[in-house]
Amino acid sequence: MKMSASAHKTFYLETFGCQMNVHDSEKVIGTLIHEGYEQVETVEQADLILYNTCSIRDKAEQKVFHRLADYKKLLAQGKKFGVLGCVAQQEGEKIFERAPHVSLVCGSASYRNLPQMLTQLNAPEIPRPAGENAGLRDDAPSKHATLVRITGLDDRETDECFETEFTARSNPHRGYITIIEGCDKFCAYCVVPFTRGKERSRTSESVLAEARQMADLGYTEIQLLGQNVNSYKDPTGAFSGKKKTFAELLAAVGEVHGIRRVRFTTSHPRDFGRDIVEAIDAVPALCDHVHLPVQSGSDRVLDAMQRLYTREQYLERIGWMKSAKREISITSDVIVGFPGETEQDFAETLGLLDEVGYDGVFTFKYSPRPNTPSLALDDAVPDQEKSRRLEVLMARQKEIQIARYKKYIGTNIEVMVEGRNEARAQWIGRTSQNKTLNFTAPETTTPTIGSYVQVKATASFPNSLLGEMVV
Ligand code: 5AD
Ligand code: SF4
């Protein structure tokens with residue numbers, strides 16, 4: 001292992017937010033370990049405390065500042081604090097004002113530079129004339145003469161991805177692979193294009209090499225990640241014969257020897273092509289589940305959200321999936337209370353839930369975010385009304401799920417064994433459709449975590465199934 005200036009240091013990392021953040025953290029952990037750091041389980045044991053943050057909604061952002069405030073007193077013990085991810089990118093150096101004990105602020109597009117920033121963070125203090133700025137390192141206010149402040153915020157326009165060979169994956173059976181970073185869509189409510197920068201895709205060859213490497217290590221499930229996987233554009237040269245569309249890449253990952261399941265998230269309806277459904281039809285390893293966030297069922301609201309598709313176009317894509325050879329499970333995200341959303345608009349969203357028949361919907365109250373175009377819109381929906389709509393929506397979706405999950409009772413379904421719930425004396429399984437199917441096994445059988453077994457569903461709930469292992 002490489003030993004650098006930062007050898008024998010310990011770090012603690014806490015992650016907020018989406019799967020992209022979870023996977024970024026795996027890469028950050030791998031990078032830090034390579035730099036000679038040791039990961040520890042508690043803040044008390046750590047020299048360096050890192051938060052990988054989310055700013056998608058106001059609540060997520062507040063959580064980070066509460067956590068930072070809680071740990072302020074630990075500064076006296078010589079610990080250092082770093083803020084990574086979306087709040088870091090969004091708030092930038094303002095974080096140093098709000099939380100003066102922070103010494104590192106780094107957005108996701110700058111993680112490639114982490115080793116260099118860590119070296120600077122650990123460098124002995126060199127007194128410099130006030131105002132002089134030596135690269136990434138700025139002078140701290142005189143009150144905290146020992147504080148160094150490092151920022152990595154300027155790379156949102158980069159063409160490079162955070163490619164690292166040092167990913168520390170936390171699950172030995174199922175792992176993420178990033179295929180595209182950033183987002184160019186600029187939906188009116190969304191902070192992501194500002195926090196994660198412009199779209200940049202990895203070459204299909206590099207994605208496939210990582211998939212093969214994971215298969216060799218014993219992984220059987222891969223989840224391809226991107227803010228918008230459907231706008232994947234292979235940077236491989238057009239004349240190389242190796243350039244792939246997203247659907248071709250998906251199929252190729254599904255054909256890697258040893259890989260039994262491939263998932264992908266998140267899809268944007270505008271770029272969701274029929275070729276993806278054809279790939280799912282053709283390659284059994286591609287999971288029969290698509291997460292296709294609709295956000296609203298009203299054309300008026302979709303237009304104000306700048307989603308770039310109509311309700312009819314969205315339903316056309318649902319139609320492609322419904323005519324697939326295998327039943328494809330469809331899930332979605334919905335925002336209620338976008339500025340100007342009327343009772344009629346909301347009713348159209350409820351109607352869409354009935355029409356599609358989702359297996360799961362993540363529902364959110366609209367939360368105004370810095371820099372986003374919808375900040376300028378009038379006609380805010382009062383919070384109380386947003387809450388009411390959220391409840392109505394969740395209740396309707398629950399009814400839909402109760403009916404949908406019921407129809408699996410009596411069928412045999414393959415699950416990957418994910419773990420054991422001792423309290424309930426049940427095994428935890430996941431189906432290709434991404435449903436939780438908990439099950440019991442005969443006393444003489446102990447299913448191995450990460451293996452695949454057949455389970456007969458015997459009961460259903462709004463969010464899960466229960467069954468018995470078929471032996
Ligand atoms: N307010 C509420 N929900 C939001 N989402 C994204 N931005 C906002 C916002 N400003 C939701 C969308 C997206 C999911 C990840 O989070 O539904 O698909
Ligand atoms: Fe949160 Fe979006 Fe950043 Fe993911 S990309 S951490 S959801 S703000």
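As the structure is a prediction and not an experimental result, all values here were calculated from the model. Positions are given from 1, in the same order as the sequence printed here. As a basis for the values below, the full set of heavy atoms in this structure was taken, side chains included, without hydrogen atoms, waters or symmetry mates. When a ligand or atom number is given, it counts from 1 through the structure's own listing order.
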| Any side-chain heavy-atom pair from Arg369 and Leu375 closer than 4.5 angstrom? | no
| request: Taking the side chain as every heavy atom from C-beta outward, state whether His34 and Glu165 have any pair of such atoms under 4.5 Å apart. | output: no
Which residue and non-hydrogen atom of the protein lie closest to [atom], and at what distance in Å?
atom                    : answer
atom 10 (N) of ligand 1 : Ser367 O, 2.8 Å
atom 17 (O) of ligand 1 : Gln295 OE1, 2.7 Å
atom 15 (C) of ligand 1 : Asp333 OD2, 3.8 Å

| task | Show the numbers, then the answer: is there a side-chain contact (heavy atoms from CB on, under 4.5 Å) between Ile328 and His289? | result | CA-CA 5 Å; Ile328 297 181; His289 167 227; 5.7 Å; no
Considering only heavy atoms, does [X] approach ligand 1 within less than 4.0 Å through its side chain, its backbone, both, or neither?
X      : answer
Tyr189 : both
Val192 : neither
Lys365 : backbone

Could you list the atoms of ligand 1 found under 4.0 angstrom from a heavy atom of [X]?
X      : value
Tyr366 : 1 (N), 2 (C)
Arg369 : 10 (N)
Ile335 : 3 (N), 4 (C), 5 (N), 12 (C), 17 (O)
Arg57  : 1 (N), 2 (C), 3 (N), 4 (C), 5 (N), 11 (C), 16 (O)

| field | Residue and atom names of protein N/O/S atoms that fall under 2.8 Å from atom 4 (Fe) of ligand 2 | value | Cys18 SG
| query | If you draw the axis of the six-membered ring of Phe166, does the NZ or CZ of Lys27 fall within 45° of it and under 6.0 Å from the ring centre? | reply | no
| When the ring centroid of Phe81 is compared with that of Tyr51, is the distance short of 6.0 Å? | no
| field | Phe346 ring center within less than 6.0 Å of Phe338 ring center | value | no
| Minimal non-hydrogen separation, Arg311 against Glu348, with atom names | NH1-O, 2.8 Å
| Atom of Glu26, atom of Tyr176 and distance for their closest heavy-atom approach | OE1-CD1, 4.1 Å
| request: Would you check, one step at a time, whether the test salt bridge (Lys or Arg N to Asp or Glu O under 4.0 Å) holds for Arg389 with Glu385? | output: CA-CA 6 Å; Arg389 290 183 192 176; Glu385 177 59 14; 2.8 Å; yes
| Lys244 NZ to Ile179 CD1 distance, which is reported to the nearest 0.5 Å | 13.0 Å
| query | Rounded to the nearest 0.5 Å, how far apart are OH of Tyr314 and CD of Gln295? | reply | 9.0 Å
